[in-house]
Structures are given as structure tokens and as C-alpha cells.
Amino acid sequence: MRIAIAGGGAAAVALLDSLARLDARPASVTVFEPSARLWSGRAYGPDLDAVRVNAPPVIMSIRDGDQGHYARWLGERAAAHLDERFGVPLVPRAVYGEYLHEVATAAAARLPVDVRRDRVTGVSRRGVELVVRTSGGHEQAVDRMVLCVGGGTPHDLFGLAGTPGYVADPYPLARTVRDVPHDGAVAVIGSGLTAVDVVVALASAGHAGPITLMSRSGVLPHVWQRPVRHETRHLTAARLREVRTTGDVARLVRAELDDLGEDFDAFAADLLATPLEDPVVRLRRQLAAIDAPELGRRIVQQAAHTLGPLAWSLLEDRDRLTAAHHRTAVSVSSPMVPVNAVQLGRLLEAGQLTLVRGLRAVVPSHPGFRVTARGGGPRADVVVNAVNPPPHAVPEAAASLVASLLAEGLAATGPKGGLEVAPGAALHVVGDLAAGGTFVTSSIPAVAAQAAATARALIAQ
Ligand SMILES: Cc1cc2nc3c(=O)[nH]c(=O)nc-3n(C[C@H](O)[C@H](O)[C@H](O)COP(=O)(O)OP(=O)(O)OC[C@H]3O[C@@H](n4cnc5c(N)ncnc54)[C@H](O)[C@@H]3O)c2cc1C
């Protein structure tokens with residue numbers, strides 16, 4: 001079987017690693033990647049050392065079913081990157097990119113892999129074959145195609161593209177902070193993990209001006225707690241296969257906490273207070289709880305990454321959950337690492353960082369920008385867009401490819417966006433573009449699990 005993979009980021013690495021570990025071998029695997037970030041993708045290329053991975057090693061293994069794979073690779077490197085409060089190593093993103101690179105290189109040594117530095121622009125059917133076309137004018141016939149093209153870039157909510165002082169996409173952060181005047185007023189649109197990255201990057205560069213995080217909800221990511229080993233007895237993959245509603249999932253969490261002697265009602269009430277509580281007060285409480293012995297939040301966060309995608313596909317009331325608790329669920333399941341939370345807390349206490357809720361508008365006001373928000377808004381010299389794209393957004397680089405797949409009937413648009421592919425089809429999608437996934441950006445375990453399932457399906461076909 002001849003396989004084409006569009007995109008050479010973390011999802012492609014996970015797929016190659018899975019294919020290399022199966023007994024059957026494809027006849028050829030061609031990876032198409034136009035950018036300079038082969039194997040590291042958008043997230044793990046060279047950038048500031050201050051910007052680290054967002055999760056503990058147990059969540060960062062690219063090998064499905066082997067949670068210790070990344071920690072073993074880290075080995076002696078771990079000591080140099082220990083986050084004291086977290087009790088685990090958190091490496092700069094580029095170091096994680098080296099891990100991906102090594103995994104991909106090892107897999108490529110066992111598979112007939114060819115890498116083309118070219119962007120896939122379209123695919124058409126020719127009998128039972130697919131013909132892949134690239135921007136460089138290359139055409140190649142394959143039997144199967146896998147899309148590993150990643151997610152979108154931040155949406156331009158206020159139509160500011162092209163305005164001097166507006167940073168449309170903060171990555172790489174090294175470039176963003178280099179272009180910000182040392183004591184300029186920076187306003188960041190968004191208050192999620194990307195916004196936290198921007199603050200940490202500015203602080204690491206010694207930025208002296210005021211920084212404002214602005215969003216509608218003002219909700220910050222929760223803060224990871226120090227990992228504690230716990231084998232769940234109720235919130236397990238087997239039990240989650242039986243759930244139908246969020247109530248069923250809550251009952252499993254309650255049973256888990258009952259066994260531990262923890263108060264489920266107090267835990268749930270605290271989560272539901274997320275959008276209502278003052279975010280600065282909440283951050284302070286969460287900083288104090290990094291070492292807290294209660295396991296409830298740790299269990300839910302770990303499960304969100306490892307079991308979340310499985311449960312999500314079964315929930316009949318997922319639209320209601322998304323409508324009512326979207327910000328809370330994203331904040332809990334995509335937490336910030338303690339080292340970043342400490343930095344935010346320090347800047348907030350010092351008054352250099354402020355949070356603005358109820359953001360309504362950002363307009364150019366020569367010079368700089370004027371912000372309209374509930375209770376007034378700041379003036380800014382620079383506005384950084386840190387709005388997270390919805391998980392099923394089509395990346396710009398894949399727009400013509402996706403259009404051709406829809407036109408050829410090789411894929412359809414899912415009811416909530418993303419691409420739907422019929423079972424047994426010649427096309428597969430791994431990562432955020434796959435329809436039907438949760439509303440949270442795919443984390444490494446989710447991407448690895450999807451990639452492993454895709455590798456098995458490819459070989460079975
Ligand atoms: C800044 C950032 C930090 C993150 N940190 C973490 C973290 O610490 N832990 C975690 O679990 N998750 C994290 N994530 C989530 C992240 O989405 C996944 O970890 C993972 O990187 C997704 O990999 P991917 O291969 O699907 O996408 P990407 O890494 O984006 O790779 C997609 C690749 O496809 C290429 N491409 C696009 N279109 C085409 C085309 N038409 N033809 C050929 N190639 C194409 C692109 O050039 C790109 O290199 C982070 C995400 C971001 C953006």
C-alpha cells in the first residue's frame with residue numbers, strides 16, 4: 001500500500017511511529033511538509049526557552065499506550081528542566097520538538113519513508129487510486145491519504161489585519177516580543193493558554209510596559225496540580241464506553257471521589273464557579289492548591305486528555321454541555337503549568353498585568369488602539385491576537401486541499417465543522433481537523449490515540 005501524509009507535525013510523527021510498530025509494512029509512505037518545521041509542527045519549533053510544554057510528561061508521550069515513552073526519552077535531560085512547584089520536568093517546546101524528531105527518524109529507518117518539502121493543494125480520484133497534487137507541480141498516485149494538517153490560526157475577531165502594531169499570530173513568540181517596544185502598552189486578545197504564553201514571553205524579555213489580557217469571559221486556564229499516581233476504579237475506559245449523558249460521567253467521578261473520601265458536591269460547585277469568580281482570586285487559590293492532597297481535579301484533568309475523546313463521542317447531551325460550560329471545560333482541561341501561573345500571579349500582584357472582562361471591541365486609534373469593554377478599556381500600543389481557533393478550523397495552508405476533497409466527495413463537512421470520512425474510505429484525518437472530536441484542541445495523547453487507530457485501519461485495509 002502506498003500512503004501519502006499531508007503535514008509533518010506531531011500527528012504525522014505519531015502515525016509513523018504507530019506504522020513502524022505494526023508487523024505489516026506499507027510499500028511507501030510519502031510525507032508532504034512545506035514549512036521549515038518538519039516533525040515539530042506549529043507548536044514545537046524553535047522559540048524562546050521560557051515557553052515550555054503545557055503538560056506533565058505523562059501527557060506528552062507520542063506513543064499511544066506507552067505513557068512513559070517521553071519520560072524515558074527525557075532521561076537525564078529532565079533534571080535541568082524541573083519545575084519545582086510541579087515536581088516534574090517541563091522542557092522548552094523546542095526540546096520537545098527534538099523528541100518528535102528522534103521518534104520520526106527512528107520510525108523512518110524502519111519504513112520506506114520519503115519526505116517532500118511541498119504543500120498538498122489537491123487530491124483527485126483515478127479509479128481506485130488517489131492522485132495527490134502539490135504547489136510545486138508534483139503529482140503522485142497513492143492508495144491511501146492521511147491528513148495531518150493541524151488546526152487553524154487565531155481568528156481576526158476585530159478586523160485588525162494589516163494595522164501597524166497588530167500581531168495577528170503570536171507564534172513564534174521570539175519574533176513577537178522582539179517587535180514590541182520595551183515599555184509599550186500591550187493588550188492581548190484572549191485569556192487562554194496562548195495569552196498566557198504571550199505574557200510569559202514578554203516577562204522573559206524583561207518587558208517594562210503594562211500588559212492587559214482581554215476577553216469576554218475573563219476566565220483564565222486552571223493551574224495544573226502536582227501529579228499524584230492514582231489508578232481510577234470507576235472513571236475507566238471500560239466504564240466510559242457505557243456512558244450516554246454528562247450525568248453518567250459525573251456519577252463515575254462521584255464514585256471515584258466517594259472512594260477517596262472526597263466531597264464531590266464541593267468539587268463540582270468549585271468547577272461551576274469558574275466563570276463567576278474573580279479570576280485573580282481564583283488564580284491565587286489555585287496557586288495555593290498546587291500541592292493540595294485532594295485528587296478530584298487531577299483525576300478529571302488526566303481523564304479529559306486520555307479518555308475524553310472516547311467519552312465525548314458517546315455523549316447524547318454534548319451540545320448542551322458545550323453551550324452551558326464551554327469556557328469552564330476548556331479552562332479545566334487545558335490548564336497552565338505552575339511556573340507560568342506563578343509568573344502571572346507575580347505580574348498581577350505588581351500591577352503590571354491586568355485582566356479585562358466583557359471585551360466588546362478593539363479599534364485602531366492612531367497611534368495605537370482603543371479597547372471597549374465592560375467598565376472601560378485600556379489604550380494599547382500593540383495588540384496581540386491570542387484567540388484560540390475552534391478545534392475543527394481548516395488551516396489556511398490546507399484550504400485548497402480540503403476544498404478538493406469535498407469536491408471529489410472524498411470527505412464531507414461534519415455538523416460542527418471538521419472533515420467526516422466514511423469508514424473504510426481511502427482518506428483518514430488525524431488531529432483537530434477530524435470532525436466529531438471534543439471542543440478542546442487535541443492534546444498529544446488524543447493525537448497519538450487517533451494516529452494509532454489510523455495506522456491499524458490503514459494496515460487492515
Ligand atoms: C503553541 C501550541 C502549544 C501546544 N502545546 C501543547 C502541549 O504542551 N501539550 C499538548 O498535549 N498539546 C499541545 N498543543 C496542542 C497541539 O495541537 C498538539 O500537541 C500537536 O502539536 C498537533 O499536531 P498536528 O500534527 O496535528 O498539527 P501541527 O503541529 O500544526 O502540524 C501540522 C503540519 O501540517 C502542515 N500542513 C498544513 N497544511 C498542509 C498541506 N496542505 N500540505 C502539507 N502540509 C501541510 C503544517 O505546515 C504543519 O507543519 C499545543 C498547540 C499549540 C498551537
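Order of appearance sets the numbers: ligands from 1, and atoms from 1 within every ligand.
Residue-ligand proximity: R52 is placed with every non-hydrogen atom at 4.0 Å or more from ligand 1. By the 4.0 Å heavy-atom criterion, Y44 is counted among the residues contacting ligand 1. For the ligand labelled ligand 1, residue P395 lies outside the 4.0 Å heavy-atom shell.
Of all non-hydrogen atoms in A4 and V142, the two that sit nearest each other are CB-CG1, 3.8 Å. V198 and V384 get closest at one heavy-atom pair: CG2-CG1, 4.0 Å. Looking at every heavy atom in both residues, V219 comes nearest to P275 through CG2-CA, 3.8 Å. Heavy atoms only, all atoms of each residue included: S404 and R133 are closest at CB-NH2, 4.4 Å. E98 and W73 make their closest contact through C-CZ2, 4.0 Å (heavy atoms, listed as atom of the first residue, atom of the second, distance).
Only one option out of D197, D47, D49 pairs with R93 in a salt bridge (charged side-chain N to carboxylate O under 4.0 Å, His left out); it is D197.
Ranking the protein heavy atoms by distance from atom 27 (O) of ligand 1 puts G150 CA, 3.2 Å first. Nearest protein neighbour of atom 31 (O) of ligand 1, counting heavy atoms only, is G9 CA, 3.6 Å. In this structure, the protein non-hydrogen atom closest to atom 4 (C) of ligand 1 is A43 CB, 3.8 Å. Nearest non-hydrogen protein atom to atom 9 (N) of ligand 1 is M60 SD, 3.2 Å. The protein non-hydrogen atom at the shortest distance from atom 53 (C) of ligand 1 is R42 NE, 4.0 Å. Looking only at heavy atoms of the protein, atom 42 (N) of ligand 1 is closest to V120 N, 2.9 Å. With respect to atom 34 (O) of ligand 1, the closest heavy atom belonging to the protein is G7 CA, 3.2 Å. Nearest protein heavy-atom contact of atom 43 (C) of ligand 1 is F32 O, 3.3 Å.
Near I444, meaning under 4.0 Å from any of its heavy atoms, are these atoms of ligand 1: 10 (C), 11 (O), 12 (N), 19 (O). Close approach to A398 involves these atoms of ligand 1, each under 4.0 Å from a residue heavy atom: 38 (N), 41 (N). Heavy-atom contacts of C148 reach the following atoms of ligand 1: 32 (C), 33 (C), 34 (O) (cutoff under 4.0 Å). Residue-ligand proximity, P34 to ligand 1, at heavy-atom distances under 4.0 Å covers atoms 43 (C), 44 (N), 45 (C). The contact set between ligand 1 and A11, taken as ligand atoms under 4.0 Å from a residue heavy atom, comprises 23 (O), 24 (P), 25 (O), 26 (O). Annotation for ligand 1: atoms under 4.0 Å from non-hydrogen atoms of S442 are 15 (C), 16 (C), 17 (O), 18 (C). The atoms of ligand 1 that sit less than 4.0 Å from any heavy atom of V53 are 8 (O). Each of the following atoms of ligand 1 lies closer than 4.0 Å to a heavy atom of S443: 11 (O), 12 (N).
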Dump the intermediate steps for ring-ring contact (aromatic ring centres under 6.0 Å, His included) on Y44 and Y99, then the final yes or no.
CA-CA 10 Å; Y44 310 110; Y99 162 65; 9.5 Å; no

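Scanning for side chain to side chain donor-acceptor pair (under 3.5 Å) contacts around T328 gives an empty result, with sequence neighbours left out.
Side-chain contact of H230 with E256: a donor-acceptor pair under 3.5 Å is present, judged by distance alone. Using a 3.5 Å distance cut-off with no hydrogens or angles, the side chains of R357 and S191 do not pair a donor with an acceptor.
A salt bridge is absent between D270 and R297: the closest approach of a Lys/Arg side-chain nitrogen to an acidic carboxylate oxygen does not fall below 4.0 angstrom. For the pair D66 and R21, the salt-bridge criterion is not met [side-chain N within less than 4.0 Å of a carboxylate O]. At a threshold of 4.0 Å, the pair D169-R175 does not count as salt-bridged, since none of the basic side-chain nitrogens sits closer than that to a carboxylate oxygen.
Selection from E396, R93, E33 by nearest heavy atom to atom 47 (O) of ligand 1 gives E33.
Evaluation of the salt bridge (Lys or Arg N to Asp or Glu O under 4.0 Å) test over residues 444-461, restricted to residues two or more places apart or in two chains, returns none.
Considering backbone and side-chain atoms together, A397 places an N or O closer than 3.5 Å to an N or O of ligand 1. Here's the thing with A10: one of its N/O atoms is less than 3.5 angstrom from an N/O atom of ligand 1. Considering backbone and side-chain atoms together, V447 places no N or O closer than 3.5 Å to any N or O of ligand 1. Annotation: R119 places no N or O atom under 3.5 Å from an N or O atom of ligand 1; distance criterion only.
Remark: side-chain polar atoms of H392 are paired, donor with acceptor, to backbone N or O of A434 under 3.5 angstrom.
Within the 4.0 Å heavy-atom criterion, the part of Y171 lying near ligand 1 is the side chain and not the backbone.
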